[in-house]
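Residue numbers start at 1 and run along the sequence shown. Just the heavy atoms: all of them, side chains too, but no hydrogens, waters or symmetry mates, feed the values below.
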Amino acid sequence: MTDQRITATPIDPAKLDRLAEVAVKVGLGLRPGQDLLLTAPAIALPLVRRIAVHAYKAGAGIVTPILSDEEMTLARYRHGHDSSFDRAASWLYEGMAKAFSDNTARLAIVGDNPMLLSGEDPSKVARASKANSMAYQPALEKIVNFDTNWNIIAYPSPSWARQVFPGDPEDVAVGKLADAIFAASRVDREDAMGNWASHNAVLRERTNWLNGQRFRALQYSGPGVDLTIGLADGHEWEGGASLSKNGISCNANIPTEEVFTTPHCRRVYGHVVSSKPLSYQGTLIDNIAVRFEDGRIVDAKASRGAEVLNKVLDTDEGARRLGEVALVPHSSPISQSGLLFYNTLFDENAASHIALGQCYSKCFVNGAQLTPQQIAAQGGNQSLIHIDWMIGSAETDIDGILADGSKVPVFRKGEWAK
């Protein structure tokens, strides 16, 4: 029954195959003999199978899929014992961490209903999230530190499509979401590989310019925004293709329109409001407004989802500090689509954004050689979470502040000034 439903969805098989090929060759840069660990919703099996084909064609050793299911997730919340929400499968994540240490590549396919847990007990959702985050740390550290090559892509599940296109019949909604995913992932044209090569070159030009400037901070201004984000000592901008510690170049996110780096977690001042809603574990958090002092959020409000926002901020000490700052022009394809995907992989590429929580050690000069203590001393943040939310708009101006205090225009009216 499930396979029949999957087959019936109006998803262009040629473009789906193209997405699988790009994920393996551009997203992962998979090497001959390298194993691949793949996680995905069960509904995404058509894409999982095409990835296995392209991975083995590229010389993969063993492809190991781990599938999740929305109904099984809901069963836990509706029938599970209360104490189970403070537990997570640490043995699984420890195994993942060992695999990544042994040079296994990591691929995640997202596509679950973003509002799946919206009707469940928020305290259970928060407890389960925290337990999972703690258990996931051994594996997450290998990913955020780019110990191995990794990639995230998306599959247009019916439950997700209904959220993005609520007024359409399911088959129409799935077709629309598939087309939006293919366009954003740059596989809607035949020469997808060439398209990605050109796109990566443009993002590299941006990072090279920013790294040449050596800004001390970024200053944001616009409606509801007066924010200064200090940049970590020895920070380095990244964007597009990135070299992992195992020597393999990968595009961690498909799609991607951002260039990003590590802010100094103790040098953020001012206030900012979100420019787009944040979908977080079944809750839509809208009109986020926060105020920073000495890098820490000291006041946080939201017109919707405020309770969940404050639970997130109380996860640990680092949850109220920034771990990432990213620049995305308002003219990005995802922004111009006018869609709210309810999925950070896409929505973060519609606007400049910041992330609460854990930083990327990759975003430091010689980051691979730095210890966690050195990264912290240079301003890198540590946390169990990493949550991106959008602050850029067509009215956003951003200036880079140099060491002597002078300013260089970076963004004007939501677009690159240079």
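- Taking the six-membered ring where tryptophan is involved, the planes of Trp416 and Trp209 are perpendicular, since the angle between them exceeds 60° and thus also 30°.
- Heavy-atom minimum distance, Ala289 versus Val273: CB-CG1, 3.8 Å.
- Side-chain atoms of Arg87 and Ser84 form no donor-acceptor pair, as typed in the model, at a separation below 3.5 Å.
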Apply the test side-chain hydrogen bond (donor to acceptor under 3.5 Å, both in side chains) to residues Asp102 and Thr104: give CA-CA distance (whole Å), side-chain angles for both, the deciding distance (0.1 Å), then the verdict. CA-CA 6 Å; Asp102 293 338; Thr104 296; over 6 Å; no
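- Using the six-membered ring where Trp is involved, Trp150 and Phe146 have ring planes that are tilted, between 30° and 60° apart.
- The two residues Pro10 and Asp171 have their closest heavy-atom pair at CG-O, 2.9 Å.
- The environment of CE in Met115 is crowded: more than 12 heavy-atom neighbours from other residues, nucleotides or ligands sit within 6.0 Å.
- By the 4.5 Å heavy-atom criterion applied to side chains, Leu322 and Leu356 are counted as neighbours.
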Take Trp160 and Ile181 through the test side chain to side chain contact (heavy atoms under 4.5 Å, CB included) and record every step on the way to the result. CA-CA 12 Å; Trp160 181 17; Ile181 289 172; 3.7 Å; yes
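- Side-chain N or O atoms of His199 include one that pairs as donor or acceptor with a backbone N or O of Thr256 at under 3.5 Å.
- With no hydrogens or angles considered, a side-chain donor-acceptor pair links Ser101 and Lys142 at under 3.5 Å.
- Ion pair Glu21/Arg50 not flagged as a salt bridge, since none of the NZ, NE, NH1 or NH2 atoms sits closer than 4.0 Å to an Asp/Glu carboxylate oxygen.
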Asp82 and Arg127: CA distance, side-chain angles, deciding distance, salt bridge (Lys or Arg N to Asp or Glu O under 4.0 Å) verdict: CA-CA 10 Å; Asp82 183 73; Arg127 287 163 55 200; 3.1 Å; yes
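- For the atom pair Gln163 CD and Asn343 CG, the distance stands at 12.0 Å (nearest 0.5 Å).
- Smallest separation of non-hydrogen atoms from Lys362 and Ser242: CE-OG, 2.9 Å.
- Between Asp147 and the options Lys245, Lys98, Arg106, a salt bridge (Lys or Arg N to Asp or Glu O under 4.0 Å) holds for only Lys245.
- Thr344 places no side-chain N or O within 3.5 Å of a backbone atom of Glu348 that could act as its donor or acceptor partner.
- Contact record, Leu28 with Ile248: O-CG2, 3.4 Å, taken as the closest heavy-atom pair.
- Between the side chain of His353 and the backbone N or O of Ala326 there is no donor-acceptor pair closer than 3.5 Å.
- In this structure, the separation between CG on Asn103 and CZ on Arg31 is 9.0 Å, given to the nearest 0.5 Å.
- In this pair, Tyr136 and Tyr93 present their aromatic rings perpendicular. The plane angle is above 60°, beyond the 30 to 60° band.
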What verdict does the salt bridge (Lys or Arg N to Asp or Glu O under 4.0 Å) test give for Arg320 and Asp314, after you've listed the backbone C-alpha separation in whole Å, the side-chain angles of each residue and the deciding distance to 0.1 Å? CA-CA 8 Å; Arg320 288 181 177 268; Asp314 289 337; 3.1 Å; yes
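- Without hydrogens or angle criteria, Asn381 side chain to Gly318 main chain gives a donor-acceptor distance under 3.5 Å.
- In this structure, the side chain of Thr262 does not engage the main chain of Gly380 through any donor-acceptor pair within 3.5 Å.
- With rounding to the nearest 0.5 angstrom, the CG atom of Leu210 is 12.0 Å from the CZ atom of Phe260.
- Asn246 places a side-chain heavy atom less than 4.5 Å from the side chain of Gln34.
- At most 12 non-hydrogen atoms from other residues, nucleotides or ligands lie less than 6.0 angstrom from CD of Glu190.
- No side-chain donor from either of Ser303 and Asp286 sits under 3.5 Å from a side-chain acceptor of the other.
- Between Arg216 and the choices Ile401, Leu231, Leu402, the side chain to side chain contact (heavy atoms under 4.5 Å, CB included) rule is met once, by Ile401.
- Checking side-chain atoms of Ser249 against main-chain N and O of Ala241 turns up no donor-acceptor pair under 3.5 Å.
- The pair Asp347-Lys276 does not count as a salt bridge, with every side-chain nitrogen at least 4.0 angstrom from each carboxylate oxygen.
- Residues Glu415 and Pro329 meet the side-chain proximity criterion, which asks for heavy atoms closer than 4.5 Å.
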Check step by step if salt bridge (Lys or Arg N to Asp or Glu O under 4.0 Å) holds for Arg206 and Glu258. CA-CA 10 Å; Arg206 298 297 187 193; Glu258 65 176 339; over 6 Å; no
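- Ser406 and Asp404 share a donor-acceptor pair across their side chains, judged by distance under 3.5 Å alone.
- A donor-acceptor pair under 3.5 Å links the side-chain atoms of Arg18 to the main chain of Arg189, judged by distance alone.
- For the pair Gln281/Val308, no side-chain contact is recorded, criterion being any heavy-atom separation below 4.5 Å from C-beta on.
- Phe411 has its ring centre no less than 6.0 Å from the ring centre of Tyr220.
- Asn211 contributes no side-chain N or O that, together with a main-chain N or O of Glu236, makes up a donor-acceptor pair within less than 3.5 Å.
- Salt bridge absent: Arg321 and Asp294 never bring a charged side-chain N and a carboxylate O closer than 4.0 Å.
- The CG atom of Leu309 sits 7.5 Å away from atom CD1 of Ile297, with the distance rounded to the nearest 0.5 Å.
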Let me see the working for Asn287 and Arg304 under side chain to side chain contact (heavy atoms under 4.5 Å, CB included), right down to the final yes or no. CA-CA 7 Å; Asn287 296 314; Arg304 179 179 179 182; over 6 Å; no
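- With contacts defined as side-chain heavy-atom distances shorter than 4.5 Å, the pair Ile153/Leu47 qualifies.
- Across all their heavy atoms, Phe292 and Leu227 have their closest contact at CD1-CD1, 3.8 Å.
- One finds the CD1 atom of Ile254 at 7.0 Å from the OG atom of Ser185 (value rounded to the nearest 0.5 Å).
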Decide yes or no on side chain to side chain contact (heavy atoms under 4.5 Å, CB included) for Met72 and Ser68, but give the supporting numbers first. CA-CA 8 Å; Met72 291 182 67; Ser68 60; over 6 Å; no
Using the side chain to side chain contact (heavy atoms under 4.5 Å, CB included) rule, take Asp35 and Val63 through it: C-alpha gap first, then chi angles, then the decisive distance, then the call. CA-CA 6 Å; Asp35 290 345; Val63 178; over 6 Å; no
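- Counting only distance, with no hydrogens or angles, the side chain of Asn195 and the backbone of Asp191 share no donor-acceptor pair below 3.5 Å.
- Within the 3.5 Å criterion, the main-chain N or O of His235 finds a donor-acceptor partner in the side chain of Arg214.
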